[in-house]
K.L.:
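This is the structure I have questions about; it appears just below.
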Number of protein chains: 2
Amino acid sequence: MTAGDPRARDTSVDTIQRELTAFARRARATAARLHPELPLVSYTLLAHIDDQQGCRATDLAGHYMLDKSTVSRQIAALEKLGLVERRPDPDDHRVQVLHPTDAGTETLAATQGSRRAAVRDRLADWSEEDLNRFADYLLRYNSAH
Amino acid sequence: MTAGDPRARDTSVDTIQRELTAFARRARATAARLHPELPLVSYTLLAHIDDQQGCRATDLAGHYMLDKSTVSRQIAALEKLGLVERRPDPDDHRVQVLHPTDAGTETLAATQGSRRAAVRDRLADWSEEDLNRFADYLLRYNSAH
DNA sequence: TCGAATGAGTTGTACTATACAACCAATACC
DNA sequence: GGTATTGGTTGTATAGTACAACTCATTCGA
């Protein structure tokens with residue numbers, strides 16, 4: 001298989017697809033190990049809400065390609081746990097702006113700590129350049145289309 | 001943030017974690033769009049079985065960090081669909097060796113075609129070198145520990 | 001300016017994915 | 001030969017998800 005051979009691309013493409021999928025399949029187990037107290041999806045949405053200070057349910061659904069009903073229930077669960085609060089949007093009464101509560105921010109900080117430690121561990125022997133490039137590739141891949 | 005600053009590493013690590021998670025959250029929706037006839041996990045396991053010609057349920061559980069009961073049910077579903085068959089292992093009567101049936105191989109080929117096309121599309125403007133490196137990074141990340 | 005179309009969110013319902021525990025059967029190891 | 005281990009199934013419970021039908025608020029067009 002020489003350089004420029006279309007099969008070389010296909011091999012890489014297949015590997016990328018396979019490895020991304022394997023990662024996705026394992027994500028739940030990893031999350032359960034790292035923060036058994038906070039379900040995986042709840043954690044993800046809470047992190048996004050915190051990151052985007054003041055996002056809407058629809059934004060979450062769009063970002064993660066989830067149905068709005070799914071997000072609605074997830075938010076309800078997070079609210080019940082006291083981790084997220086809804087604020088009415090004065091400009092558009094259909095909208096609820098989501099914010100982490102103090103408890104939410106704390107919980108997130110704690111679990112984010114252990115998550116980051118785990119990922120950092122796993123990436124401990126990577127050069128800074130490789131980390132950077134890997135991060136860029138993922139961003140580029142995810143932002144396509 | 002200068003080079004060598006530990007925070008530079010953390011930024012990359014956070015991005016990697018965030019983007020991998022985002023990908024994982026979207027995987028189901030993507031799969032549903034690409035092959036509505038074959039549920040995501042079924043597809044993944046079938047692909048692995050095909051790849052590893054003759055693997056055991058336990059191997060699947062190990063590879064994807066799933067409980068053996070989960071795998072057992074998934075295999076049962078694939079068998080019911082006529083996509084996988086179990087062959088007894090003559091050396092160890094506890095073991096069932098899993099193989100794709102002809103129908104399984106066909107189904108896989110069809111869906112794999114559309115999947116690969118989608119990924120290839122999304123990676124169309126990547127240089128071969130970038131593809132290669134991205135694939136390597138993913139392999140390296142997934143094989144850690 | 002009113003009625004239709006659109007958009008945000010909720011709720012009913014159903015199904016997939018998953019884990020844990022208890023179990024059975026075959027094998028391996030003293 | 002008895003005990004521990006391993007591969008797999010089944011019962012049960014829960015998370016995660018989609019789709020459809022709904023409500024309420026907003027916008028837009030005639």
Side-chain angles (χ1 to χ4, degrees), chain A residues 21-22 24-46 48-49 54-81 84-98, chain B residues 21-22 24-46 48-49 54-81 84-98:
Chain A
T21 304
R25 290 305 76 227
R26 294 181 189 130
R28 188 186 301 257
T30 308
R33 193 159 41 76
L34 289 181
H35 45 77
E37 75 290 356
L38 198 59
L40 168 62
V41 178
S42 303
Y43 168 83
T44 305
L45 296 188
L46 179 56
H48 195 84
I49 290 169
C55 73
R56 303 170 305 157
T58 301
D59 299 336
L60 293 170
H63 188 70
Y64 293 110
M65 286 190 187
L66 295 169
D67 191 80
K68 54 191 181 158
S69 65
T70 301
V71 174
S72 172
R73 285 180 233 269
Q74 291 289 337
I75 300 301
L78 284 171
E79 193 187 23
K80 200 167 197 172
L81 291 171
V84 161
E85 68 182 12
R86 319 176 190 227
R87 301 187 193 155
D89 181 338
D91 295 344
D92 185 341
H93 287 203
R94 290 171 304 183
V95 171
Q96 305 175 340
V97 186
L98 304 171
Chain B
T21 303
R25 290 303 78 224
R26 293 180 189 133
R28 187 185 302 257
T30 308
R33 193 159 42 77
L34 289 181
H35 44 76
E37 74 291 355
L38 199 58
L40 168 62
V41 178
S42 302
Y43 168 82
T44 306
L45 296 188
L46 180 56
H48 195 85
I49 290 169
C55 74
R56 302 169 305 158
T58 301
D59 299 336
L60 293 170
H63 188 70
Y64 293 111
M65 286 190 186
L66 295 169
D67 192 79
K68 55 190 181 161
S69 65
T70 302
V71 174
S72 173
R73 284 181 234 268
Q74 291 287 338
I75 300 301
L78 284 170
E79 194 186 24
K80 201 167 197 172
L81 291 171
V84 160
E85 68 181 13
R86 318 176 190 228
R87 301 186 192 156
D89 181 338
D91 295 345
D92 185 339
H93 287 201
R94 289 171 304 185
V95 171
Q96 305 175 341
V97 186
L98 304 171

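Proteins come first, then strands; the chains are lettered A, B, ... in the order of their sequence lines, and each starts at number 1.
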K.L.:
Assign a letter to each nucleotide of nucleotides 5-12 of chain C from its 5' end: B, base within under 4.0 Å of a protein heavy atom; S, sugar-phosphate only; -, no contact.
P.N.:
--BSBBBB
K.L.:
Please state how far atom CG in B:L78 lies from atom P in C:dT16, giving the value in whole angstrom units.
P.N.:
13 Å
K.L.:
Just wondering, do A:L98 and A:R86 contact through their side chains at under 4.5 Å, heavy atoms?
P.N.:
yes
K.L.:
Of all of residues 31-41 of chain B, which get a heavy atom below 4.0 angstrom from DNA chain D, listed by number?
P.N.:
none
K.L.:
Quick one: pull up CZ in B:R94 and CZ in B:R56 and give me the separation to the nearest 0.5 Å.
P.N.:
9.0 Å
K.L.:
So which of A:L66, A:L60, A:T44 actually passes side chain to side chain contact (heavy atoms under 4.5 Å, CB included) with B:R25?
P.N.:
A:T44
K.L.:
Apply the test side chain to side chain contact (heavy atoms under 4.5 Å, CB included) to residues A:V71 and A:K68: give CA-CA distance (whole Å), side-chain angles for both, the deciding distance (0.1 Å), then the verdict.
P.N.:
CA-CA 5 Å; A:V71 174; A:K68 54 191 181 158; 5.5 Å; no
K.L.:
Exactly one of B:L45, B:L46, B:V84 should register a side chain to side chain contact (heavy atoms under 4.5 Å, CB included) with B:Q74. Which one does?
P.N.:
B:L45
K.L.:
Within this structure, what is the OH-to-C1' distance between A:Y43 and D:dG16, rounded to whole angstrom?
P.N.:
18 Å
K.L.:
Please tell me which of A:Q74 and A:P90 maps to the more 5' nucleotide of DNA chain D, matching each residue to the nucleotide holding its nearest heavy atom.
P.N.:
A:Q74
K.L.:
What is the distance, rounded to the nearest whole Å, between atom NE2 of B:H63 and atom P of D:dG7?
P.N.:
17 Å
K.L.:
Within this structure, what is the CG-to-C1' distance between A:L45 and D:dA15, rounded to whole angstrom?
P.N.:
13 Å
K.L.:
Heavy atoms from C-beta onward define the side chain here; which of D:dG16, D:dT17, C:dA19 lies closest to that of B:L66?
P.N.:
C:dA19
K.L.:
To the nearest 0.5 Å, how far apart are CZ in B:R28 and OG1 in B:T30?
P.N.:
11.5 Å
K.L.:
Is there a side-chain contact between B:I49 and B:I75 in this structure, where contact means two heavy atoms from C-beta onward sitting under 4.5 Å apart?
P.N.:
yes
K.L.:
Give a yes or no on whether the backbone of A:L38 and the side-chain of A:S42 come within a donor-acceptor separation of less than 3.5 Å.
P.N.:
no
K.L.:
To the nearest 0.5 angstrom, please state how far the NE2 atom of A:H63 sits from the OG1 atom of A:T58.
P.N.:
14.5 Å
K.L.:
Round to the nearest Å and state the distance from B:D91 atom CG to C:dA26 atom P.
P.N.:
16 Å
K.L.:
Separation of A:L81 atom CG from D:dA15 atom C1', in whole Å?
P.N.:
13 Å
